[in-house]
Number of protein chains: 2
Amino acid sequence: MYDCQVAQPDDLESTTQPPAPAAETGLSRAQVVAEAIRLADADGVEGLSMRKLATSLGAGAMSLYHYVANKSELLDAMADVVFAEIDAPEGDDWRAAMRRRSISARAVLARHPWAVGVLESRVSPGPETLRHREAVMACLRRAGFSPVMATHANWLLDSYVYGFALQEASLPFTSADDLADMTEAVYLPQLPQDRFPYLHESAAALMEAGFDPAQQFVFGLELILEALEPLRSETATG
Amino acid sequence: MYDCQVAQPDDLESTTQPPAPAAETGLSRAQVVAEAIRLADADGVEGLSMRKLATSLGAGAMSLYHYVANKSELLDAMADVVFAEIDAPEGDDWRAAMRRRSISARAVLARHPWAVGVLESRVSPGPETLRHREAVMACLRRAGFSPVMATHANWLLDSYVYGFALQEASLPFTSADDLADMTEAVYLPQLPQDRFPYLHESAAALMEAGFDPAQQFVFGLELILEALEPLRSETATG
DNA sequence: TTGACAATCGTACACCGTACGAGGCAGAGT
DNA sequence: ACTCTGCCTCGTACGGTGTACGATTGTCAA
């Protein structure tokens, strides 16, 4: 009826490796996925093809299909591995916990910029993703948010994290030096002061002050966490 | 040096149609882009190919390249048209203005779910995009935000809008009925209460209460706007 | 020895973006 | 009237893609 599988049953057990990855000789699903992530980090997802991945693993293209049903499942698996890199929220202080996990999430998504795009149109969360989401909901519920409020808070925080990562991924520069060069060479000339005075001003201010994505991220994150605080302990709502 | 063009000079003038679109016979860039958007809305971006687009316009595939340098430029143009659908912020009340424009942005991105994904890895904003961003910055600056604070607020709001749209686009259902069916048929069985009690609880609560993305969006939006309010008029900072 | 099964991969097919260049057709110059 | 010059159309072809199919091998149980 619905073709949307949340996770394969035995994937849920995958904390212990499936049958033993055969170590030295032959491939393994984990190796395939890991190499795919390496390639995607280097060249972007659009540069990742089954043939290239296979070659990079020293195998024939069709061999991959023994470990992965199709490319879509491969992308799902990649996203799940990336998700596993994110620190789960821990501790009694919900703000500290969510701050840590959100900062971690942004950092991870900055390391794997393609992952944000993969999230979209990818419907079946993997086991690590589920575990992580469960941990987040647990943290919020234990902090006193009602089920409905916890869901709201979760959406708000995730939206911010993903949206920030998306914007960050589409920035044309990586380092602060790039920013300066870039701004001076491209943006300012193309944003004439008379037509786009405010964008011009903003670009100039950005270049002058430098731009640290992590710091920029924390600014909005703190605002959101503070705004969520008063919504706790209205346990009757949900 | 940098291959990142912000906008073609004459694109900036494109409020008036370039040379006259030739109306009846022959194609026009605007027609090509519009049909591409129609197809992407129907089948998703990954289902959009130059050949299908051409056929759908009653033309040969290569004819398109007279109006569009390559597929990447086509995607840029599509994103720009979508951006033009978003209401620009208007009026003296900055919160009302930004609320309207953010709600409009979410609605537009929900209508064109592929557009969020196109944003990523697309580096050159089109003329409409620039106009819109300029209007947003103008609104914030006039409301008393310093240049730096306005930039922060802009990032925060845009992150929320894009992130929300991204999450919404990856939802496996569209209508409330779908939600109920979906939850009952797929999520609840696959989220056993003992392993994922909180996700289970959340899914159940969501199904019971119904789920209106627009309403959910406004919740977080209002929180953000309220949190930004006290940061106005610190004009000395920037 | 035989049979089952896991793993590898060569080949082929349909599709993709697009380079190249050949054609048609409208209007301007002579 | 003739040519020339541009815009516009698109057929063909090339190198890439995901992957269906089936042949091949290696390994182990009976």
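Please read these numbers as outputs of a predicted model, since none were measured by experiment. Values reported hereafter were calculated over all heavy atoms of this structure, with side chains retained and with hydrogens, waters and symmetry mates removed.
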Completion exercise
dist L156(B):CG -> Q216(A):CD (nearest 0.5 Å) comes out at 9.0 Å
Problem - Sequence-distant partners of H200(B), ring-ring contact (aromatic ring centres under 6.0 Å, His included), two or more places apart - result: none
Practice task
Scan residues 42-63 of chain A for pairs that pass side chain to side chain donor-acceptor pair (under 3.5 Å), counting only residues two or more places apart or in two chains.
Solution key: E35(A)-S56(A)
Problem - Shortest non-hydrogen separation from A115(B) to L109(B) and the atoms involved - result: CB-CD2, 4.0 Å
Practice task
Under 4.0 Å from any atom of DNA chain C, heavy atoms only: list the residues of residues 37-51 of chain B that qualify, in numerical order.
Solution key: L48(B), S49(B), M50(B), R51(B)
Practice task
Under 4.0 Å from any atom of DNA chain C, heavy atoms only: list the residues of residues 53-66 of chain A that qualify, in numerical order.
Solution key: A59(A), G60(A), M62(A), S63(A), H66(A)
Practice task
Take the protein atom CG of L27(A) and the nucleotide atom P of dA6(C), then report the distance between them rounded to whole Å.
Solution key: 17 Å
Practice task
Examine dC8(D): is either OP1 or OP2 under 4.0 Å from a nitrogen or oxygen in the side chain of Y67(B)? Give yes or no.
Solution key: no
Practice task
With rounding to the nearest 0.5 Å, note down the distance linking CG in L75(A) to CE in M78(A).
Solution key: 6.0 Å
Handout entry: With T151(B) via side chain to side chain contact (heavy atoms under 4.5 Å, CB included) - residues at least two apart
Key = S202(A), L206(A), M137(B), W155(B)
Practice task
Please identify each residue that fulfils ring-ring contact (aromatic ring centres under 6.0 Å, His included) with Y162(B), with sequence neighbours left out.
Solution key: none
Exercise for the section: Decide, yes or no, whether a salt bridge links R106(A) with D212(A) under the criterion of side-chain N to carboxylate O below 4.0 Å. Expected result: no
